[in-house]
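Single-structure report; data block below.
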Amino acid sequence: MASSSSRRRLAFLATLVCAIAVSVSGGGGRERGPITTNGGNYTKVCDPARFAAAGLDMAAFRYCDASVPYAERVRDLVGRMTLEEKVSNLGDRAGGASRVGLPAYLWWGEALHGVSDVGPGGTWFGDVVPGATSFPLVINSAASFNESLWRAIGGVVSTEIRAMYNLGHAELTYWSPNINVVRDPRWGRASETPGEDPFVVGRYAVSFVRGMQDMDAGGNADPFSRPIKVSSCCKHYAAYDVDAWNGNDRLTFDARVQERDMVETFERPFEMCIRDGDASCVMCSYNRINGVPACADTRLLTETVRRGWQLHGYIVSDCDSVRVMVRDAKWLNYTGVEATAASMKAGLDLDCGMFWEGVHDFFTTYGVDAVRQGKLKESDVDNALSNLYVTLMRLGFFDGIPELESLGAGDVCTEDHMELAADAARQGMVLLKNDGARLPLSSEKINSAALVGLLEHINATDVMLGDYRGKPCRVVTPYDGIRKMVNSTSVLACDKKGACETAAATVKTVDATIVVAGLNMSVERESNDREDLLLSWNQANWIKAVADASPTPIVLVIMSAGGVDVSFAQDNPKIGAIVWAGYPGQEGGTAIADVLFGKYNPGGRLPLTWYKNEYVSKIPMTSMALRPDAEHGYPGRTYKFYGGEDVLYPFGHGLSYTNFTYESDTTAAPVKIKVGDWEYCKQLTYKKGVTSPSPACPAVNVASHGCTEEVSFTVTVANTGGVDGAHVVTVYTAPPGEVDGAPLKQLVAFRRVRVPAGAAVEAPFTLNVCKAFAIVEETAYTVVPSGVSRVLVGDGALSLSFPVNVKIDLATS
Ligand SMILES: *[C@@H]1O[C@H](CO)[C@@H](O)[C@H](O)[C@H]1NC(C)=O
Ligand SMILES: *[C@@H]1O[C@H](CO)[C@@H](O)[C@H](O)[C@H]1NC(C)=O
Ligand SMILES: *[C@@H]1O[C@H](CO)[C@@H](O)[C@H](O)[C@H]1NC(C)=O
Ligand SMILES: *[C@@H]1O[C@H](CO)[C@@H](O)[C@H](O)[C@H]1NC(C)=O
Ligand SMILES: *[C@@H]1O[C@H](CO)[C@@H](O)[C@H](O)[C@H]1NC(C)=O
Ligand SMILES: *[C@@H]1O[C@H](CO)[C@@H](O)[C@H](O)[C@H]1NC(C)=O
Ligand SMILES: *[C@@H]1O[C@H](CO)[C@@H](O)[C@H](O)[C@H]1NC(C)=O
């Protein structure tokens, strides 16, 4: 959402919404806040006083009877509404129906890495809530590979939202997380995502969504009435990861995608988010997939999300996706009425729109005509509304949730919340290079330091907050953080033409030189993909000059979301250490200083491959396939398929100030899968030249198998160095080498453990064979291949591996 042009539209919109808010104002007041629907006057729709104030008797409205099941209450509510009233509630600025006591509601909220005020005003800062905790961007938190952290962040964000809701500063529905896989290193939205690996992205989604949604009590067996703290939304479904590149625009882009890639890569995080995270919302994307707009695709929305994965919640469009079908993609030359009917029939429940040429969103504009012209059933409208109101009931919008009603301004920007933001930033820092143990710096030995770079990085009040920000509680810049460690820190500002006044002279006189360099949102952001992977604005030139002038090897800190080709620094002995700091949020400066000066031993890992710049000339961003393509000479994408030379730092790379070793108890016993005669074997394609006879059952179809087989082992991680440290154990599987077109390896488990110096801890793993050893074969079946797979623990210098021979026994019937 919110491209730069749409941002302008939004600014314009913000003024308009105030006017509209009055016209759509339902039974609830909205006097206090500028444009929230509840205005702080109530925290539940079914408050008798609200009805009394509106001249209605609540007892007459069965939908407010808390003893009645949600489905029936919603039927009652929707049944009372006229077609016009119903349709006026199908857009993100839902009008409510004051006649029946239903207030207006603003569905659009954002909470990507903290409560954000992006959107039409349902969430806003000011007076009693001037700001909210701004966590690192998601790509940083992802680098921690720590699921408890991800869940804790979701928990804090939802607490701050509920507090703001109670004060009339927020609504209850948030369109986060962004879980599209970073298929191409140029994608402008890498900062918003957990990286390139579908499994990590999926686990991030599950953890964040559970933190946002789950109530401590839990225990409610019925998923359609399980209470949720805040509604979280997995977006953008699906195969969306081209924003604006080389004349291709996300609004008109038609992603040509193979079914195998859909199942294996593009859909996987969404499936995990819904099945394992029980997210209450999915957002469909702008792009088309093989010709069909994602938001009008019955197979994607109804068959896959709602029926296949059993979504308990609603499906919303990305903002303007329906308009885009008509205005931009000119899909089938559809009219507004036709696009509205097609999308709703496909399973879309709510249309988010952005004001343009007098129209907010298509559903509320064309919905009545679509029904009256016979293109849409009124019962389709009823279904959409039911999905929406059941979600609001679970949120306590109608009845309240007593245990959350005491949260207030004192629960936003607490010391604990800000400390979690600092910890998240620390946990996500990645030590890329550390020659001769240049880091950590000693604050005892270093009496003077030079801090060199663009002011926007050194004094990063803005850059560290990235996109979909709110108003932070405060901002600790790198300068603030480092000055606390070294009192005499001089700032040497460079400009974007490549000049740094006096830097070369000054760095000669100090004990340590720290360069903070990187990118900003003008290089990588929504609606703006990158052209290359280089460090912008000639920074490499002056970094080399500063390094040359410095008597000691300098330390380089990189702020960016995507990978940056810093080969020049990796190869340069005058640059002793490189730290990737991402866009680390409001506490970023503290975290950077803690890592540089050894108050925290870094343990983060890159959640995406850092390629050399040559990579991007070998494959256009618009080629969606993950596997190498010999016909076009494309080299393949992500660590799972790219086996070429253009990797600067691999996925999962990250150093420590200490050393770790592994030991494992594996016995490498074969796994037997007994296949009953009602189950299906699938054929596999083998590499050319493989002579071994293909087995009777080459692979078992996971969907037809019980999948109880497991492989268990324990990795003992010993810290053999001198300082405590966190270590991420990554577990991959590599399919049998003879199988054609399989991933080189795939991550199937990970765990971040804390190991004191001189100690060892055990990390036990249990891999389900159908999950960990499965591959997606050519025709898009998920299968476990017969033959010798390998388990690979860790990578690079620190790794161990063992074979797992999968033997498939055909039952003889
Ligand atoms: C909301 O509350 C304020 C005072 O708390 C009051 O002045 C205003 O009239 C109320 N609005 C409605 C619609 O009840
Ligand atoms: C859409 O309309 C244009 C102009 O009238 C026409 O050339 C084109 O073939 C139509 N496309 C479809 C899919 O009907
Ligand atoms: C990012 O860089 C662009 C281009 O130099 C500049 O206009 C913009 O102000 C920078 N953004 C920040 C937050 O410094
Ligand atoms: C850095 O930011 C602070 C506010 O945090 C401001 O007072 C100071 O002037 C800035 N420094 C420069 C050189 O812009
Ligand atoms: C920093 O240096 C100044 C001036 O030399 C001194 O007054 C101040 O106490 C020092 N602060 C710290 C924290 O050492
Ligand atoms: C890690 O081990 C290597 C050699 O095995 C050694 O050179 C290095 O100093 C050790 N690093 C730390 C931080 O202990
Ligand atoms: C993971 O994150 C949690 C929550 O912030 C933290 O308490 C824990 O120490 C982290 N684990 C490791 C090994 O760093």
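In listed order, ligands and their atoms are each counted from 1.
Two rings, from Y662 and H727, have their centers less than 6.0 Å apart. Side-chain rings of W150 and F208 stay apart, their centers remaining 6.0 Å or farther from each other.
For the side chain to side chain contact (heavy atoms under 4.5 Å, CB included) criterion with R752, the lone passing option out of V729, L149, V728 is V728.
Looking only at distances, a side-chain donor or acceptor of N601 sits under 3.5 Å from a matching main-chain atom of Y657.
Within the listing of ligand 3, atoms 1 (C), 2 (O), 3 (C), 8 (C), 10 (C), 11 (N), 12 (C), 14 (O) sit less than 4.0 angstrom from a heavy atom of N520.
Contact annotation: for K496 versus ligand 3, heavy atoms closer than 4.0 Å belong to the side chain alone.
Under the 6.0 Å distance and 45° angle rule, R288 does not count as a cation-pi partner of W331.
Side chains of T133 and E160: a donor-acceptor N/O pair is present below 3.5 angstrom, by distance only.
Using cut-offs of 30° and 60° on the angle between ring planes, the pair Y649 and H653 is parallel.
A heavy-atom cutoff of 4.0 Å around ligand 7 is satisfied by the protein residues N146, L149, L420, D423, Q427, R752, V753, R754.
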